[in-house]
Amino acid sequence: MPEADGTYRITGTKMWITAATIARAGVAGGEAATLANRLEQVTAHVERTTARLWATGDPATALANASVYLEAVGHVVLAWIWLEQFLALKDHADDFHQRKRQTARYFFRVELP
């Protein structure tokens with residue numbers, strides 16, 4: 001959930017940063033809702049992974065695969081940004097907006113873990 005100053009934070013193992021966008025995309029329906037559903041699934045998976053990694057209480061074990069983990073989290077953040085852009089495109093149909101939609105689709109289909 002957003003902080004009082006409008007910023008977001010990750011609390012424990014929850015990635016609240018994506019929640020508001022996912023909710024807005026769900027309300028928008030159509031393809032935006034489909035992308036939101038995918039982002040919600042991947043975000044939940046990263047949250048479960050985070051909880052599992054830190055369940056041991058051993059930082060060395062939790063951080064053993066930090067590079068791969070951070071790449072996955074980075075992809076979730078980029079997917080969130082692409083979903084925000086997808087929502088901002090609204091009903092614009094010119095080439096620029098169509099290319100932005102196609103790039104978002106590509107990212108969700110190919111790059112999102």
Side-chain angles (χ1 to χ4, degrees):
M1 299 310 232
E3 299 293 314
D5 65 358
T7 60
Y8 291 85
R9 64 187 167 108
I10 296 175
T11 307
T13 61
K14 295 290 183 186
M15 294 185 67
W16 298 110
I17 194 169
T18 63
T21 304
I22 289 169
R24 283 193 356 262
V27 169
E31 190 173 5
T34 301
L35 296 176
N37 183 50
R38 176 79 175 113
L39 179 56
E40 187 172 40
Q41 291 171 356
V42 173
T43 300
H45 183 73
V46 169
E47 290 171 350
R48 288 189 306 272
T49 300
T50 303
R52 252 184 254 141
L53 287 171
W54 288 102
T56 65
D58 177 20
T61 300
L63 297 173
N65 293 301
S67 295
V68 175
Y69 173 80
L70 290 174
E71 184 176 347
V73 171
H75 277 70
V76 168
V77 172
L78 287 173
W80 165 62
I81 292 169
W82 275 114
L83 184 56
E84 280 285 348
Q85 290 189 41
F86 194 90
L87 290 169
L89 297 171
K90 304 202 187 271
D91 293 331
H92 298 285
D94 58 86
D95 287 345
F96 172 78
H97 291 90
Q98 292 294 6
R99 286 188 206 114
K100 293 281 261 189
R101 279 187 198 86
Q102 191 58 36
T103 303
R105 291 176 188 122
Y106 167 84
F107 190 86
F108 273 78
R109 186 177 60 250
V110 177
E111 298 293 333
L112 195 58

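FYI, side chains are in, hydrogens and waters are out, and symmetry mates aren't considered; it's all heavy atoms of this structure.
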S.K.: Would you mind telling me which of Gln98, Arg105, Lys100, Arg99 makes a side-chain hydrogen bond (donor to acceptor under 3.5 Å, both in side chains) with Gln102?
M.R.: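 When side-chain hydrogen bond (donor to acceptor under 3.5 Å, both in side chains) is applied between Gln102 and each of Gln98, Arg105, Lys100, Arg99, only Arg105 qualifies.
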S.K.: Can you tell if the side chain of Leu89 reaches within under 4.5 Å of the side chain of Arg101, non-hydrogen atoms only?
M.R.: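 Yes, close enough: below the 4.5 Å cut-off.
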S.K.: Is it possible for you to say whether Ile81 and Phe107 belong to one hydrophobic cluster, with membership spreading through side-chain heavy-atom contacts below 4.5 Å?
M.R.: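 Hydrophobic grouping puts Ile81 with Phe107.
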S.K.: In this structure, would Leu70 and Val42 fall into the same cluster of hydrophobic residues linked by side-chain contacts under 4.5 Å?
M.R.: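 Linked, Leu70 and Val42 end up in one cluster.
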S.K.: Counting heavy atoms not belonging to His45, are there more than 12 under 6.0 Å from its NE2?
M.R.: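 Counting neighbours around NE2 of His45, 12 or fewer heavy atoms of other residues, nucleotides or ligands fall under 6.0 Å, so no.
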S.K.: Looking at CD of Glu40 and OG1 of Thr21, how far apart are the two atoms once the value is rounded to the nearest 0.5 Å?
M.R.: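 Rounded to the nearest 0.5 Å, the CD-OG1 separation comes to 12.0 Å.
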S.K.: Hydrophobic clusters here meaning ILVMFWY residues chained together by side-chain heavy-atom distances under 4.5 Å, can you tell me if Leu78 and Tyr69 are in one?
M.R.: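 Yes, Leu78 connects to Tyr69 through the hydrophobic network.
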S.K.: Kindly give the heavy-atom pair with the smallest separation between Gly26 and Ala36, and that separation in Å.
M.R.: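 So the two residues come closest at N-CB, 4.4 Å.
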S.K.: Could you tell me whether Asn65 atom CG has more than 12 heavy atoms of other residues or ligands within 6.0 Å of it?
M.R.: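 No, not enclosed.
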S.K.: When you measure from the side chain of Asp94 to the backbone N and O of His97, does any donor-acceptor pair fall under 3.5 Å?
M.R.: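 A pair under 3.5 Å: yes.
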S.K.: Out of curiosity, does Phe86 fall in the hydrophobic cluster containing Val27 (side-chain heavy atoms, cut-off under 4.5 Å, transitive links)?
M.R.: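 Cluster IDs for Val27 and Phe86 differ.
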S.K.: Check whether any side-chain heavy atom of Leu63 sits under 4.5 Å from a side-chain heavy atom of Trp54, and report yes or no.
M.R.: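 Yes, side chains in contact.
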S.K.: Would you give the length of the straight line joining atom CG of Leu87 to atom CZ of Arg24, rounded to the nearest 0.5 angstrom?
M.R.: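 The CZ atom of Arg24 is 5.5 Å from CG of Leu87, to the nearest 0.5 Å.
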S.K.: Can you measure from CD (Glu111) to CD (Glu71) and round to the nearest 0.5 angstrom?
M.R.: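 Those atoms lie 9.0 Å apart.
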S.K.: Quick one, Phe108 and Leu83 - any side-chain contact, counting heavy atoms below 4.5 Å?
M.R.: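 With C-beta onward as the side chain, the pair touches.
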S.K.: Minimum heavy-atom separation for Gly57 to Pro59, with atom names?
M.R.: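 So the two residues come closest at O-CD, 3.3 Å.
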S.K.: Roughly how far, to the nearest 0.5 Å, is the CH2 atom of Trp80 from the CG atom of Leu39?
M.R.: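 Rounded to the nearest 0.5 Å, the CG-CH2 separation comes to 10.0 Å.
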S.K.: Hey, could you give me the CD/CG distance between Gln41 and Leu112, rounded to the nearest 0.5 Å?
M.R.: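 Those atoms lie 9.5 Å apart.
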